[in-house]
**Q** 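This is the structure I have questions about; it appears just below.
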Amino acid sequence: MTQHLAAPSTGTSDDAAGHRTGWWQDAVIYQVYPRSFADGNGDGMGDLAGVRGRLPYLRELGVDAVWLSPFYASPQADAGYDVADYRAIDPMFGTLLDADALIRDAHDLGLRIIVDLVPNHSSDQHEWFKRALTEGPGSALRDRYHFRPGKGANGELPPNDWESIFGGPAWTRTANPDGTPGDWYLHLFAPEQPDFNWEHPAVADEFRSILRFWLDMGVDGFRVDVAHGLVKAEGLPDLGTHDQLKLLGNDVMPFFDQDGVHEIYRSWRTILDEYPGDRIAVAEAWTPTVERTANYVRPDEMHQAFNFQYLATAWDAAALREVIDTSLDAMRPVGAPTTWVLSNHDVTRHATRFANPAGLGTQIRTPGDRELGLRRARAASLLMLALPGSAYVYQGEELGLPDVTDLPDEARQDPSFFRADGQDGFRDGCRVPIPWTREGSSYGFGAGGSWLPQPTGWGELSVEAQTGAAGSTLELYRAAIAARRAHPGLGAGAEVRWLDAPEGLLAFARPGFVCTVNTTGAPVRIPVPGTVLLSSAPVETDGDTVELPADTTVWWTV
């Protein structure tokens with residue numbers, strides 16, 4: 001396999017304000033969940049060959065980069081986020097040769113490739129962890145994880161009161177080689193996902209090596225899973241409360257968003273900067289505030305961080321304006337782009353979230369009003385793509401796909417579905433394989449069906465059905481991304497200028513451009529700001545005024 005370091009490059013420089021500039025500042029990045037995107041070998045499971053065959057579609061969509069969720073060797077206890085070997089491809093997805101070919105083809109098409117990196121935990125089938133168990137107490141490899149003796153007279157109680165994000169205690173007790181009860185190990189997620197101990201130098205050394213392995217393969221960056229979780233508070237102190245999941249995102253936890261994580265990312269940044277082609281790191285960091293998220297993208301750390309506060313915001317003009325202002329204000333001092341995202345593989349698709357009443361969270365079990373949800377989703381997508389910074393698109397949202405909320409229990413595979421008191425466990429609904437054609441056993445996903453059942457009528461939302469169809473959501477996305485690339489007032493930047501607007505509406509200006517958003521359930525008449533460039537629903541001007549339909553976004557050139 002030939003290593004290839006060069007990737008598509010527009011160069012990196014400083015703007016007049018001294019802020020960093022580079023391709024990631026205004027990129028539209030498309031998330032591929034490999035098992036649900038396209039099946040190249042007909043076994044019912046998506047794979048790298050399937051992704052490779054669909055790259056021309058992504059190029060035609062107009063995105064700048066493709067982020068691939070994990071494809072590493074894994075027992076698949078948590079859909080690949082339990083990694084057994086960070087330098088190997090799981091056979092269900094293909095081989096290293098397939099990965100190499102995919103990266104090369106993407107570069108030939110002008111697309112960059114970002115891969116998922118999972119540094120907070122490994123699989124319990126990772127060689128280090130297996131040896132730590134078989135070698136028993138005293139094994140040096142145990143220091144690379146968090147092994148601790150239990151509390152109680154016979155060590156029968158967990159070392160502290162931390163709870164797993166997936167439900168239950170965050171500790172599992174081991175058995176010694178002789179069969180007697182042993183120490184406990186920490187896992188913030190499933191028991192099959194033991195947390196690394198990042199205080200151990202071997203862990204840091206290993207991940208620096210993993211970074212170089214994939215950078216040498218030619219990848220353009222890394223999305224860092226649970227970037228906020230690597231460092232735990234000294235002494236692993238008790239929290240002193242139950243229902244800890246309800247506290248997440250409200251305060252700094254002893255196992256999340258500890259300040260020590262930033263030294264790790266500074267060391268990673270020096271490695272990324274050694275490579276040509278503007279290689280980047282993107283933080284998945286759930287923090288209490290956008291200001292704390294900004295710590296991850298200081299000039300010597302990562303390049304981007306997901307804006308989860310924006311994702312969780314209701315379809316409400318006042319709430320949206322507040323989170324937009326807060327996000328831009330937080331990122332401006334560190335010179336990093338604000339990112340915008342509406343859906344991903346862990347939350348209910350926004351076409352379904354917006355179909356339901358506000359306040360239900362990001363995992364919703366009811367389909368809601370499908371027509372309303374799609375109308376709001378289209379408007380929200382145009383709003384997101386009009387904002388300054390970088391936008392993330394989750395596979396299928398460009399088709400207006402809803403969540404599949406009626407999957408039978410026996411079909412579900414989300415590990416938290418089978419555990420009490422954890423996440424809702426309904427992430428499978430956003431992971432159902434996407435439809436490519438109107439007909440076929442899996443609507444063009446592959447010749448061998450699909451690993452999760454697809455709804456009847458899925459084909460009417462397919463790429464085939466929507467391509468060239470006036471007013472389709474797919475054509476709306478294609479037009480919006482093309483306009484964003486062509487219009488000098490869209491894309492990179494750190495400012496919006498708010499314009500006066502009636503209650504329930506947003507209106508802001510960027511150079512040569514105005515965006516108006518009606519988040520109300522009724523049409524509203526406003527003065528015409530300019531010439532219609534694009535709209536999420538049909539609009540008609542009437543002299544100097546225009547009636548904005550309910551739940552509609554309009555782009556104007558001025």
Side-chain angles (χ1 to χ4, degrees), residues 1-12 22-25 27-35 37 46-55 58-59 63-74 80-81 83 85-90 93-119 206-227 264-265 267-284 301-306 339 345 390 392-393 395:
M1 185 184 308
T2 303
Q3 295 174 342
H4 44 109
L5 303 183
S9 178
T10 57
T12 303
W23 68 267
W24 66 89
Q25 295 280 352
V28 178
I29 300 173
Y30 186 97
Q31 181 189 357
V32 164
Y33 193 67
R35 61 172 55 207
F37 188 65
D47 48 39
L48 296 184
V51 177
R52 183 186 178 195
R54 296 294 187 176
L55 288 175
L58 297 177
R59 178 57 180 163
V63 301
D64 300 286
V66 180
W67 152 34
L68 296 163
S69 292
F71 47 68
Y72 309 107
S74 166
Y81 282 94
V83 181
D85 187 342
Y86 290 85
R87 298 177 184 83
I89 308 297
D90 195 280
F93 296 126
T95 67
L96 278 173
L97 289 173
D98 292 319
D100 184 70
L102 189 158
I103 295 167
R104 290 179 180 277
D105 283 3
H107 288 172
D108 288 344
L109 291 169
L111 296 167
R112 290 177 167 84
I113 294 293
I114 296 170
V115 298
D116 232 308
L117 189 65
V118 188
E206 171 68 356
F207 274 90
R208 284 192 288 265
S209 174
I210 292 167
L211 287 175
R212 292 187 184 280
F213 177 87
W214 289 103
L215 290 167
D216 288 343
M217 281 276 287
V219 303
D220 301 286
F222 302 90
R223 177 266 192 187
V224 183
D225 184 62
V226 196
I264 296 169
Y265 301 132
S267 72
W268 288 11
R269 181 58 180 266
T270 63
I271 294 173
L272 291 167
D273 287 347
E274 292 174 11
Y275 285 78
D278 293 343
R279 317 298 178 93
I280 72 167
V282 182
E284 184 214 25
E301 294 192 41
M302 299 201 206
H303 300 76
Q304 290 185 345
F306 289 123
T339 63
H345 65 290
S390 182
Y392 281 78
V393 174
Q395 65 178 44

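None of the values given here were measured: they were computed from a predicted structure. Every heavy atom of this structure was used, including side-chain atoms; hydrogens, water molecules and symmetry mates were not.
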**Q** Examine distances only and state if a side-chain atom of His303 and a backbone atom of Ile280 form a donor-acceptor pair shorter than 3.5 Å.
**A**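 No: the side chain of His303 does not pair with the backbone of Ile280.
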**Q** Could you check whether any side-chain N or O of Glu284 sits under 3.5 Å from a backbone N or O of Ala227, counting only pairs where one atom can act as donor and the other as acceptor?
**A**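 Here the side-chain-to-backbone pair does not exist.
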**Q** Would you say the side chains of Tyr72 and Asp116 form a donor-acceptor pair under 3.5 Å?
**A**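 Side-chain D/A pair, Tyr72 to Asp116: absent.
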**Q** What pair of heavy atoms forms the shortest contact from Asp278 to Gly22, and how long is it?
**A**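 Scanning both residues, the minimum pair turns out to be OD2-CA, 4.5 Å.
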**Q** What pairs with Tyr81 under ring-ring contact (aromatic ring centres under 6.0 Å, His included), at least two apart in sequence or on another chain?
**A**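 In terms of ring-ring contact (aromatic ring centres under 6.0 Å, His included), with neighbours along the sequence ignored, Tyr81 is linked to His345.
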**Q** Are Gln304 and Ile29 close enough that some pair of their side-chain heavy atoms sits under 4.5 Å apart?
**A**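 Yes; the side chains approach each other to less than 4.5 Å.
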**Q** Taking the side chain as every heavy atom from C-beta outward, state whether Tyr30 and Trp67 have any pair of such atoms under 4.5 Å apart.
**A**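 Side chain of Tyr30 against side chain of Trp67, heavy atoms only: no contact under 4.5 Å found.
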**Q** Taking the side chain as C-beta and beyond, is there a heavy-atom pair between Asp47 and Pro34 under 4.5 Å?
**A**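 Contact flag for Asp47/Pro34 side chains = no.
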**Q** Do Tyr86 and Phe213 have side chains that get closer than 4.5 Å, going by heavy atoms?
**A**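 No; the side chains remain at least 4.5 Å from each other.
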**Q** Checking salt bridge (charged side-chain N to carboxylate O under 4.0 Å, His left out) for the pair Arg104/Asp108: CA distance, chi angles, key distance, verdict?
**A** CA-CA 6 Å; Arg104 290 179 180 277; Asp108 288 344; over 6 Å; no
**Q** If you define the side chain from C-beta out and look only at heavy atoms, does anything of Arg35 sit under 4.5 Å from Phe71?
**A**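 No, their side chains stay 4.5 Å or more apart.
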**Q** Got Val83 and Ser74 here, is their nearest side-chain heavy-atom distance under 4.5 Å?
**A**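 They are not in contact (no side-chain heavy atoms under 4.5 Å apart), so the answer is no.
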**Q** Pair Arg87, Glu206 - check salt bridge (charged side-chain N to carboxylate O under 4.0 Å, His left out), show working.
**A** CA-CA 11 Å; Arg87 298 177 184 83; Glu206 171 68 356; 2.9 Å; yes
**Q** For Val28, is there any backbone N or O sitting under 3.5 Å from a side-chain donor or acceptor partner on Asp64?
**A**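 Yes, Asp64 side chain to Val28 backbone: donor-acceptor pair under 3.5 Å.
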**Q** Could you tell me if the ring centre of Tyr392 sits under 6.0 Å from that of Trp24?
**A**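 Ring centres of Trp24 and Tyr392 not closer than 6.0 Å.
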**Q** Write down the atom of Ile89, the atom of Leu48, and the distance for their closest heavy-atom approach.
**A**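 Taking Ile89 first and Leu48 second, the nearest heavy atoms are CG2-CD1, 4.0 Å.
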**Q** Do the non-hydrogen side-chain atoms of Arg112 and Val66 ever get within less than 4.5 Å of each other?
**A**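 Sidechains of Val66 and Arg112: no contact.
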**Q** Which atom names give the shortest non-hydrogen contact between Asp220 and His107, and what distance separates them?
**A**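 Closest pair (atom of Asp220, atom of His107, distance): OD2-NE2, 2.8 Å.
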**Q** Can a donor-acceptor pair be found between the side chains of Gln25 and Ser390 at a distance below 3.5 Å?
**A**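 No, Ser390 and Gln25 have no side-chain donor paired with an acceptor closer than 3.5 Å.
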**Q** Below 4.5 Å, heavy atoms only, C-beta onward: do Ile103 and Val219 meet side chain to side chain?
**A**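 Counting from C-beta outward, Ile103 and Val219 do come under 4.5 Å.
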**Q** Any side-chain to backbone donor/acceptor pair from Asp225 onto Leu117? Under 3.5 Å, distance only.
**A**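 No, because the side chain of Asp225 does not come within donor-acceptor range (under 3.5 Å) of the backbone of Leu117.
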